[in-house]
Amino acid sequence: MHRVDDLAQDLADFIVASPTPYHAVAEAVRRLAAAGFVEQPEAGPWTDGPGGRYLVRDGTVLAWSVPEGATPGTPMRIFAAHTDSPTLKVKPNPDVGAGGWRQVAVEVYGGALWNSWLDRDLGLAGRLALYDGSTVLVDVHRPLLRVPQLAIHLDRGVNSEGLHLDAQHHLLPVWGLGAPAEGDLLEFLAGEAGVDADEIAAHDLVVHDVVPPARLGEEEELLAAPRLDNLASVHAGIGALLAAAGTPGVVPVFVGFDHEEIGSGSATGASGPLLETVLTRLAGGFDARGAAFATSRCLSVDVTHAAHPNYLGHHDPGHRSVPNLGPALKVNANQRYATDAPGAAAWRRACRDAGVPTQVFVGKNTVPCGTTVGPLLATRLGIRTVDVGIPVLSMHSARELCGVRDPAFLAAAATTFLTDLQP
């Protein structure tokens, strides 16, 4: 139980340090560097030889460990996750207001549950791009913004007829009183980041819940936190890579992609060429990669739906997943998940060897499931891919819920998967 508690707390710390993909990458790099990994500049000469390295492009991070004696064609074991989460993103011209209130213009990023952002203390974080070409991270990790809900006295039918939100008009957070003035928000953020506001050319900023993660339940067997989708997987992947580093006969790889929540179609998303380029280099070049890819495997890790006690009719009765019973193997006949039988066998073997329980999630036939980076990577790379994830409630809410044991189960099974030499 001690390791379970430690890992749950470490996950909570990772989430707090990672309000945006850029912060998640920075925290991942901090942990990798502390373990002796060194940066592989994307535009610099490629470093061969044994050791741990990482590569960063914006909100995406790749890391790998080449063992002693590795040769061209050495098989790879890949852990793939994503760093982004549904949220509200600040528009380029953010300073708006009405009725004596100063507000911030936002647009919805990904499939967010809009109502979960109402009446919640929100911070603001992201990156500021300067005219000199550099970027600066900023995180206002204190109550700054709030999306106020309309009082029930002014919306008498809200409980009987449902809440109706217009993304253009009803999701704008307030952050003060008075008339809005162009440049106010950037002036404030420049002060927070310690830069000159006149040097800020552009920004990527999102709101985030500032309430700390918390243990929940009589036995504290649940963890409530923002961005479990999918920082819980990123955290496990970094831990598994560090534990697997140096394993002879295999190259463990971790990748945390940005932009999964909006379809992965970007230069830093899973549909882009970045991972393929790195894996080709790790394989020893284009001529050697065919053999390497054929003997490699990929673990696509993204949270899955826990059985909801108030909506059990939305789940397949024979394939529900429950927190603290281990990460779920995700299966879909239409390849919304990439799992096939040999991939499932490799995952079950990893769980067996790690002493970790596992379960199976299949969506109800009448309730279409989501998808992951798994099918995209399997299609692009031709590497056998299996989809797994820990069960969570309130997926895509501003605050989600998982079992406190599952992060440790996932990290242990993933470590075994990354070190498995069986074909």
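Numbering of residues begins at 1 and proceeds along the displayed sequence.
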Locate the shortest heavy-atom distance separating T372 from D302; write the atom from each residue and the value.
CG2-CB, 4.0 Å

Inspect the surroundings of CG in N93 and state if more than 12 heavy atoms from other residues, nucleotides or ligands are less than 6.0 Å away.
no

Step-by-step side-chain contact (heavy atoms from CB on, under 4.5 Å) determination, R53 to V66
CA-CA 8 Å; R53 288 179 279 282; V66 178; 3.7 Å; yes

Minimum heavy-atom distance between P67 and G249, given as atom pair plus value
CG-N, 4.1 Å

Mark yes or no for whether H308, through its side chain, and L393, through its backbone, hold a donor-acceptor pair below 3.5 Å.
no

Pair S264, H259: side-chain N/O donor-acceptor within cut-off below 3.5 Å
no

To the nearest 0.5 Å, what is the distance between OG1 on T295 and CE on M76?
7.5 Å

Against V234, only a single residue in I15, T83, L11 fulfils side-chain contact (heavy atoms from CB on, under 4.5 Å); can you say which?
T83

Quick check: are there more than 12 heavy atoms from other residues, nucleotides or ligands sitting under 6.0 Å from CG of N310?
yes

How are the rings of F417 and W347 set relative to one another: parallel (under 30°), tilted (30 to 60°) or perpendicular (over 60°)?
tilted

Begin from the C-alpha positions of W46 and L282 and carry the test side-chain contact (heavy atoms from CB on, under 4.5 Å) through to its verdict.
CA-CA 10 Å; W46 184 259; L282 286 175; 3.9 Å; yes

D258 side, atom CG; Y22 side, atom OH - distance, nearest 0.5 Å
5.5 Å

Ionic contact status for D387 with R336, cut-off 4.0 Å
no

Thinking salt bridges, do E42 and R57 make one under a 4.0 Å N-O criterion?
yes

Quick one: are the ring centres of W175 and F188 less than 6.0 Å apart?
yes

Heavy-atom pair with the smallest gap, counting every atom of V61 and A28:
CG1-CB, 4.4 Å

Point-to-point distance, once rounded to the nearest 0.5 Å, from CG of L231 to OG of S85:
5.0 Å

Does some side-chain heavy atom of R399 sit less than 4.5 Å from a side-chain heavy atom of R120?
yes

Flag the pair D13 / V16 as yes when at least one side-chain heavy-atom distance between them is below 4.5 Å, and no otherwise.
no

Determine, for E276 against R289, whether the closest basic-nitrogen to carboxylate-oxygen distance falls under 4.0 angstrom.
yes

Step by step, would you call L88 with L171 a side-chain contact (heavy atoms from CB on, under 4.5 Å)?
CA-CA 8 Å; L88 303 177; L171 297 181; 4.2 Å; yes

Check S271 against G263 and note the closest heavy-atom contact, atom names and distance.
OG-O, 4.4 Å

Run V255 and F79 through side-chain contact (heavy atoms from CB on, under 4.5 Å) and show every step you take.
CA-CA 6 Å; V255 57; F79 185 115; over 6 Å; no

Min side-chain heavy-atom separation D58-V25 under 4.5 Å
no

Answer whether the closest heavy-atom distance between the side chains of V278 and L55 falls below 4.5 Å.
yes

Polar contact flag, side-chain donor to acceptor under 3.5 angstrom, Y109-D84
yes

Would a distance-only check, ignoring hydrogens and angles, find a side-chain to backbone donor-acceptor pair under 3.5 Å from R77 to L418?
no

Give, for atom CG of L329 and atom CZ of R348, the distance between the pair rounded to the nearest 0.5 Å.
6.0 Å

Are H141 and H208, when compared by the centres of their aromatic rings, separated by less than 6.0 Å?
yes

For the residue pair L124 and V90, establish whether any side-chain heavy-atom pair is separated by less than 4.5 Å.
yes

Would you check, one step at a time, whether the test ring-ring contact (aromatic ring centres under 6.0 Å, His included) holds for F257 with H82?
CA-CA 4 Å; F257 290 108; H82 67 86; 9.4 Å; no

If you count every heavy atom of other residues, nucleotides or ligands that lies below 6.0 Å from Q335 atom CD, does the total exceed 12?
yes

Tell me yes or no: between the side chains of H305 and S321, is some donor less than 3.5 Å from an acceptor?
no

A side-chain contact here means heavy atoms from C-beta on lying under 4.5 Å apart; do I78 and L299 qualify?
no

Side chains of D5 and Q9: do they bring a donor and an acceptor to under 3.5 Å?
no

Smallest heavy-atom separation, L145 atom then P173 atom, equals CB-CB, 3.9 Å

Pairwise distance OG1(T304) to NE2(H319) - rounded to 0.5 angstrom
12.0 Å

How close do P148 and L172 get, heavy atom to heavy atom, and via which atoms?
CD-O, 4.3 Å

In terms of side-chain geometry, is the basic nitrogen of D420 or R349 positioned less than 4.0 Å from the acidic oxygen of its partner?
yes

Regarding R127 and D139, does a basic nitrogen lie under 4.0 Å from an acidic carboxylate oxygen?
no

Nearest 0.5 Å, what's the CG-CG distance between L279 and L274?
9.5 Å

Side-chain contact test, heavy atoms from C-beta onward, threshold under 4.5 Å: evaluate it for V210 versus L122 and give yes or no.
no

Would you say that V207 contacts T87 through its side chain, given a criterion of any heavy-atom pair below 4.5 Å between the two side chains?
yes

